[in-house]
Amino acid sequence: MPELPEVETVVRLLRPSLIGHAITGTEVYWVRSIVPPEPLLFAGRLRDRVILDMGRRGKWVVVTLGGGDTLLVHLRMSGRLMLESGVRTADERHLRVRFLLDDGRALSFVDPRKFGRVVLTSRPDEVLGNLGPEPLEADFTVTHFGKLLTRRRGRIKTLLLDQTFIAGLGNIYTDEALWRAGIHPLRETNSLSHTENERLYRAIREVLSEAIAGGGTTLADQSYRQPDGRRGEFADALAVYGRAGQPCLHCGTIIERLRLGQRSSYYCPVCQKF
DNA sequence: CAACCGACCTGTTCGC
DNA sequence: TGCGAACAGGTCGGTT
């Protein structure tokens, strides 16, 4: 579910109220949610660690702890991080890991589908090192993007979903960026013109920035919420994702859906010619 | 290498 | 109403 904007939204909201607090206990309810999968060692290593910082790299939440360890959280399809003030958990049934804090609050990792992971490591680069550039960073320039593109082949959408090529894009925002850039998802990467490269670069940065400003995207199933419970308002701004059968906001043509691997892609057959 | 498929999991919606 | 199929924001490993 969560892509870069949703993870960024979560981090921005949680960070100020977590920094400086210590973890006093860790409860593991689903062993495979943690790495390494040893609840006693995991909890022991986290006890009394102070949260020094919290950030994001691609779709990973990065929690820097005192003592040299780092906690990496990937929400995958259905994971959520929620800060709770009491003993109660909003979603007890899907609670996988809970971190108790020194002030009585708790940070809960809730994940119905159990795909998400909480990784405790002293070497975060072993996990994060293979990620491609951060699309919103200043050093990610249009020149840089163009150079990366010319070296690659295959379908453009597949490439944008590859986290080692560029970090943070998922199924929603690749479709939105390709629509904004007027590029068909199945276009061969090496067939893109210089102009198309530039349009794609701008589209990626704009759609991600706007989505962050809107607090991410909450779809009809409501599975993503901001940590404070509010919905992500960028759902109202989606131009193609999930809109098969509805008119293109630009030209009125009916939006189509195709299969790429086992995933859906939404596009306008007129604005995004093959 | 690029493309595709099944796994990993549970929950919800769709179609008959 | 009931019930199986299809589908879901992600990623990995194995096969063609």
Side-chain angles (χ1 to χ4, degrees), chain A residues 1-11 29-35 37 56-61 72-81 90-97 109-119 126-132 149-178 185-191 207-208 211-212 214-227 231-235 237-245 257-266:
Chain A
M1 172 248 289
E3 304 178 32
L4 186 154
E6 289 74 33
V7 178
E8 180 67 22
T9 300
V10 167
V11 167
Y29 297 93
W30 182 252
V31 170
R32 297 191 59 179
S33 292
I34 62 168
V35 179
R56 176 191 62 73
R57 177 75 174 95
K59 299 173 191 172
W60 287 93
V61 176
L72 301 171
V73 183
H74 201 301
L75 304 174
R76 293 283 182 97
M77 296 285 268
S78 62
R80 295 175 64 183
L81 281 174
D91 188 358
E92 199 80 39
R93 186 152 76 115
H94 301 122
L95 177 63
R96 307 303 177 204
V97 184
F109 175 65
V110 171
D111 185 20
R113 292 179 69 179
K114 300 177 176 172
F115 288 167
R117 291 290 180 269
V118 180
V119 179
E126 286 178 359
V127 176
L128 306 177
N130 295 326
L131 293 174
L149 275 178
T150 55
R151 275 197 237 130
R152 302 292 291 261
R153 281 176 289 144
R155 296 162 171 169
I156 185 61
K157 173 158 179 178
T158 305
L159 185 62
L160 295 179
L161 287 172
D162 179 351
Q163 302 299 297
T164 68
F165 175 73
I166 183 172
L169 289 174
N171 210 29
I172 294 179
Y173 298 110
T174 49
D175 279 4
E176 293 298 313
L178 288 167
L186 299 184
R187 280 280 300 281
E188 278 298 313
T189 300
N190 59 16
S191 80
V207 75
L208 293 177
I212 290 170
T217 298
T218 295
L219 297 175
D221 71 1
Q222 308 285 309
S223 64
Y224 162 76
R225 307 297 296 221
Q226 298 187 50
R231 69 185 283 271
E233 292 173 10
F234 195 74
L238 295 178
V240 283
Y241 187 84
R243 293 193 66 243
R257 183 176 86 133
L258 61 78
R259 284 262 150 197
L260 209 177
Q262 274 116 295
R263 322 191 67 189
S264 295
S265 289
Y266 301 89

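Residue numbering restarts at 1 for every chain, and letters A, B, ... go by the order of the sequence lines.
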**OP:** Please state how far atom CZ in Arg76(A) lies from atom P in dG10(C), giving the value in whole angstrom units.
**Re:** 10 Å
Subject >> Base-pairing assignment for dG13(C) (Watson-Crick or G-U wobble, both under 3.5 Å) >> reply: dC5(B)
**OP:** Determine, for Asp175(A) against Lys157(A), whether the closest basic-nitrogen to carboxylate-oxygen distance falls under 4.0 angstrom.
**Re:** yes
**OP:** Please check the phosphate of dC9(B) (OP1 and OP2 only) for any side-chain N or O of His94(A) closer than 4.0 Å.
**Re:** no
Original post:
Quick one: OG1 on Thr218(A) to CD on Gln226(A), what's the gap to the nearest 0.5 Å?
Top reply: 7.0 Å
**OP:** Examine dT11(C): is either OP1 or OP2 under 4.0 Å from a nitrogen or oxygen in the side chain of His74(A)? Give yes or no.
**Re:** yes
Subject >> Out of dA8(C), dG10(C), dG9(C), whichever nucleotide has its closest atom nearest the side chain of Phe115(A) >> reply: dG10(C)
Original post:
For the side chain of Gln163(A), counting heavy atoms from C-beta on, which of dG11(B), dT11(C), dA8(C) is nearest?
Top reply: dT11(C)
Original post:
Which of these nucleotides, dG11(B), dC4(B), dC9(B), is closest to any side-chain atom of Leu260(A)?
Top reply: dC4(B)
Original post:
Any side-chain N or O of Arg257(A) less than 4.0 Å from the OP1 or OP2 oxygen of dA8(C)?
Top reply: yes
Original post:
Quick one: does Leu219(A)'s side chain get under 4.5 Å of Tyr241(A)'s, heavy atoms only?
Top reply: yes
Subject >> Arg152(A) side chain to Thr189(A) side chain, donor-acceptor N/O pair below 3.5 angstrom >> reply: no
Original post:
What's the CD1-P distance between Ile172(A) and dA8(C), to the nearest Å?
Top reply: 11 Å
Original post:
Atom CG of Leu161(A) and atom P of dA2(B): how far apart are they, to the nearest Å?
Top reply: 14 Å
Original post:
For Arg259(A) and dA6(C), what is the distance between atoms CZ and P respectively, to the nearest whole Å?
Top reply: 10 Å
Original post:
Choosing from dG11(B), dG9(C), dC9(B), which nucleotide comes nearest the side chain of Arg113(A)?
Top reply: dC9(B)
**OP:** Determine the interatomic distance between P on dA5(C) and the same-named atom on dG6(B); round to the nearest Å.
**Re:** 14 Å
Original post:
Taking OH from Tyr224(A) and P from dT12(B), how many angstroms apart are they, rounded to a whole number?
Top reply: 20 Å
Subject >> Under-3.5 Å donor-acceptor pair between Arg155(A) side chain and dA3(B) base >> reply: no
Original post:
When the distance from CG of Leu95(A) to C1' of dC9(B) is rounded to whole Å, what number comes out?
Top reply: 17 Å
Original post:
What nucleic acid atoms does Arg117(A) come within less than 4.0 Å of, heavy atoms only: base, sugar-phosphate, or nothing?
Top reply: nothing
Subject >> Short side-chain N/O contact to dT10(B) OP1/OP2 from Lys114(A), under 4.0 Å >> reply: yes
Original post:
What is the nucleic acid contact for Gln262(A), judged by heavy atoms within less than 4.0 Å: base, sugar-phosphate only, or nothing?
Top reply: base
Subject >> Span that lies between the P atom of dC3(C) and that of dC9(B), in whole angstrom >> reply: 26 Å
**OP:** Compare side-chain N and O positions of Ser264(A) against OP1 and OP2 of dA8(C) and report whether any pair is under 4.0 Å apart.
**Re:** yes
Original post:
Using a cut-off of 4.0 Å on non-hydrogen atoms, how would the nucleic acid contact of Tyr173(A) be classed: base, sugar-phosphate, or nothing?
Top reply: nothing
Subject >> Counter-base of dA8(C), judged by Watson-Crick or G-U geometry with both distances under 3.5 Å >> reply: dT10(B)
Original post:
With sugar-phosphate meaning primed atoms plus P, OP1 and OP2, does Leu219(A) contact a base, only sugar-phosphate, or nothing at under 4.0 Å between heavy atoms?
Top reply: base
Subject >> Nucleotide nearest Lys59(A) when distance is taken to its side chain, options dG9(C), dC8(B), dT11(C) >> reply: dT11(C)
Original post:
Which part of the nucleic acid, if any, lies within reach of Arg152(A) when heavy atoms closer than 4.0 Å are counted: base, sugar-phosphate only, or nothing?
Top reply: nothing
Original post:
Can you name the closest pair of heavy atoms from Asn190(A) and Arg153(A) and give their distance?
Top reply: ND2-CG, 3.5 Å
Original post:
Of all the nucleotides listed (dG9(C), dG11(B), dG6(B)), which has the minimum atom distance to the side chain of Arg263(A)?
Top reply: dG9(C)
Subject >> Criterion side chain to side chain donor-acceptor pair (under 3.5 Å) on Ser78(A) and Asp111(A), from CA distance to verdict >> reply: CA-CA 5 Å; Ser78(A) 62; Asp111(A) 185 20; 2.7 Å; yes
**OP:** May I have the distance from Ile212(A) (atom CD1) to dG9(C) (atom C1'), rounded to whole angstrom?
**Re:** 16 Å
Original post:
Of the candidate nucleotides dC4(B), dA8(C), dT11(C), which contains the atom at the shortest distance from the side chain of Tyr266(A)?
Top reply: dA8(C)
Subject >> Distance between C1' atoms of dG9(C) and dA3(B) (Å, rounded) >> reply: 22 Å
**OP:** Measure the acute angle between the ring planes of Phe234(A) and Tyr173(A), then classify it against the limits of 30° and 60° as parallel, tilted or perpendicular.
**Re:** tilted
Original post:
Which whole-number value in Å describes the distance from Ile34(A) CD1 to dC8(B) P?
Top reply: 19 Å
